[in-house]
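The basis for the numbers below is simple: all heavy atoms, side chains too, and nothing from hydrogens, waters or symmetry mates.
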Amino acid sequence: MTAISSLPVSGFPVSRFPVPELKDLPDDIRARIVEVQEKAGFVPNVFLALAHRPDEFRAFFAYHDALMLKETGSLTKGDREMIVVATSGANQCLYCVVAHGALLRIYEKKPLIADQVATNYRKSDISPRQRAMLDFAMKVCEDSRGVSEADYDALREHGFSDEDAWDIAAITAFFGLSNRMANTIAMRPNDEFYLMGRVPKAR
């Protein structure tokens, strides 16, 4: 296991708040970070930044996992990441656009998709179903008080259920929190994220 540092390769800090040493963290949080590092080859900075407050770390990732790792409903992993990238773009969250953009490129196997969706999903190379999904997500993101039955009807026309609509709204709302915290604490994306899914892996 390589050492975990609060200064990434670029030399800029992970967060404007202190990043705890791995050895000083509670056992469950340390175990989760080590597991992520072993799987990904690095530790996404969100884990380091939020470890500053262990109780909130646990609550954040419990809800994250409930939304993003669930196996029910019609949303694919790519769909979920697409919602995060589009709404994080609207909220101007650099961390979430870059980190989840990497996952979106990987899940959709499209190297251009994340940049398109983050900038203007209406002009991106996505399906009508995905565009309807993002229309709903952006309504929740930018005008949740204006959500009406007509918005649900538009989703149903593309095969989404009301439970799917809940998922879209919950992902959007959760990452609205994430976007605001990431922006406020100046959470920096890992350098590794920028190239992920853009170029084929060496064989």
Side-chain angles (χ1 to χ4, degrees), residues 32 35-36 39-40 44 46-47 50 58-93 95-182 189 193 196-198 200-201:
R32 170 125 194 198
E35 180 185 7
V36 169
K39 182 178 180 180
V46 63
F47 289 89
L50 295 188
R58 295 184 184 101
F60 180 93
F61 284 108
Y63 196 29
H64 170 278
D65 293 352
L67 293 174
M68 302 301 284
L69 303 182
K70 67 178 292 188
E71 297 180 355
T72 58
S74 73
L75 299 184
T76 66
K77 290 181 179 180
D79 290 338
R80 294 171 195 277
E81 297 298 341
M82 192 174 292
I83 292 165
V84 178
V85 172
T87 58
S88 296
N91 291 328
Q92 298 185 43
C93 177
Y95 185 91
C96 290
V97 167
V98 172
H100 290 274
L103 295 174
L104 175 57
R105 290 191 296 271
I106 290 168
Y107 289 140
E108 291 291 300
K109 297 180 173 60
K110 295 179 178 179
L112 307 182
I113 192 68
D115 298 318
Q116 295 174 346
V117 168
T119 304
N120 185 349
Y121 75 91
R122 295 180 182 86
K123 305 295 185 184
S124 61
D125 300 327
I126 60 177
S127 69
R129 171 187 170 279
Q130 290 170 325
R131 189 165 287 108
M133 174 187 75
L134 294 184
D135 283 341
F136 189 83
M138 293 300 289
K139 184 74 171 282
V140 174
C141 178
E142 298 179 330
D143 184 26
S144 60
R145 66 182 179 179
V147 173
S148 70
E149 198 61 29
D151 298 303
Y152 283 88
D153 289 341
L155 282 179
R156 292 186 193 110
E157 290 177 5
H158 291 272
F160 291 103
S161 68
D162 284 3
E163 293 299 318
D164 293 328
W166 180 299
D167 287 341
I168 295 167
I171 292 167
T172 301
F174 174 76
F175 279 93
L177 178 154
S178 182
N179 296 160
R180 285 159 177 77
M181 284 305 299
F193 282 129
M196 288 172 60
R198 294 190 189 276
K201 286 185 177 181

- prompt: Taking side chain as C-beta onward, heavy atoms only, is Phe175 less than 4.5 Å from Cys141?
  reply: no
- request: Check Leu155 against Ala165 and note the closest heavy-atom contact, atom names and distance.
  value: CD1-CB, 3.7 Å
message: Under a plain distance cut-off of 3.5 Å, with no hydrogens placed, do Tyr121 and Asp135 share a side-chain donor-acceptor pair?
response: yes
message: Distance check, rounded to the nearest 0.5 Å: Met82 atom CE versus Thr76 atom OG1?
response: 7.5 Å
message: I need the Lys110 NZ to Ile126 CD1 distance, nearest 0.5 Å.
response: 8.5 Å
query: Testing Leu67, Asp167, Ile168 for side-chain contact (heavy atoms from CB on, under 4.5 Å) with Arg80, which one passes?
result: Asp167
field: Arg105 and Arg198, any side-chain heavy atoms less than 4.5 Å apart
entry: yes
task: Please name the pair of heavy atoms, one in Thr87 and one in Asn179, separated by the smallest distance, quoted to 0.1 Å.
output: O-OD1, 3.9 Å
field: Any donor-acceptor N or O pair under 3.5 Å, side chains Asn91, Ser88
entry: no
message: Just checking Lys70: does its NZ atom have more than 12 heavy atoms from other residues, nucleotides or ligands closer to it than 6.0 angstrom?
response: yes
- prompt: Looking only at heavy atoms, which two atoms of Gly176 and Arg180 are closest? And how far apart?
  reply: O-NH1, 2.9 Å
query: Do Asp164 side-chain atoms and Ser74 backbone N/O form a donor-acceptor pair below 3.5 Å?
result: yes
task: Quick one: closest heavy-atom pair of Met196 and Ala102, and the distance?
output: CB-CB, 3.8 Å
task: Please examine the side chains of Met181 and Leu50, heavy atoms only from C-beta on, and report whether any two atoms are closer than 4.5 Å.
output: no
- request: Run the ring-centre check on Tyr152 versus Phe160 and record whether the distance is less than 6.0 Å.
  value: no
task: Please examine the side chains of Glu81 and Ile106, heavy atoms only from C-beta on, and report whether any two atoms are closer than 4.5 Å.
output: no
message: Please determine whether side chain to side chain contact (heavy atoms under 4.5 Å, CB included) holds for the pair Leu75 and Met133, giving the CA-CA distance in whole Å, both sets of side-chain angles, and the decisive distance to 0.1 Å.
response: CA-CA 9 Å; Leu75 299 184; Met133 174 187 75; 3.9 Å; yes
query: Counting only heavy atoms not in Glu149, do more than 12 fall under 6.0 Å of its CD?
result: yes
Val147 vs Phe136 side-chain heavy atoms within contact, under 4.5 Å: yes
field: Least distance between heavy atoms, Val85 atom then Ala114 atom
entry: CG1-O, 3.7 Å
Backbone N/O of Gln116 and side chain of Lys123: donor-acceptor pair under 3.5 Å: no
message: Tell me whether the rings of Phe61 and His64 are parallel (<30°), tilted (30 to 60°) or perpendicular (>60°).
response: perpendicular
- prompt: Considering only heavy atoms from C-beta outward, does the side chain of Ser178 approach that of Phe60 to under 4.5 Å?
  reply: yes
query: Under 3.5 Å, is there a donor-acceptor pair between the side chain of Asp151 and the main chain of Ser148?
result: yes
message: I'd like to check Leu103 versus Val84 (side-chain heavy atoms, cut-off strictly below 4.5 Å). Are they in contact?
response: no
- prompt: Glu163 side chain to Gly73 main-chain N or O, any donor-acceptor pair under 3.5 Å?
  reply: no
- request: Go through Arg156 and Asp153 one step at a time and tell me if the side chain to side chain contact (heavy atoms under 4.5 Å, CB included) criterion holds.
  value: CA-CA 5 Å; Arg156 292 186 193 110; Asp153 289 341; 2.5 Å; yes
Over all atoms of both residues, closest heavy-atom pair of Ala90 and Met138: CB-CE, 3.4 Å
message: Between Asp143 (side chain only) and Lys139 (backbone N and O only), is there a donor and an acceptor less than 3.5 Å apart?
response: no
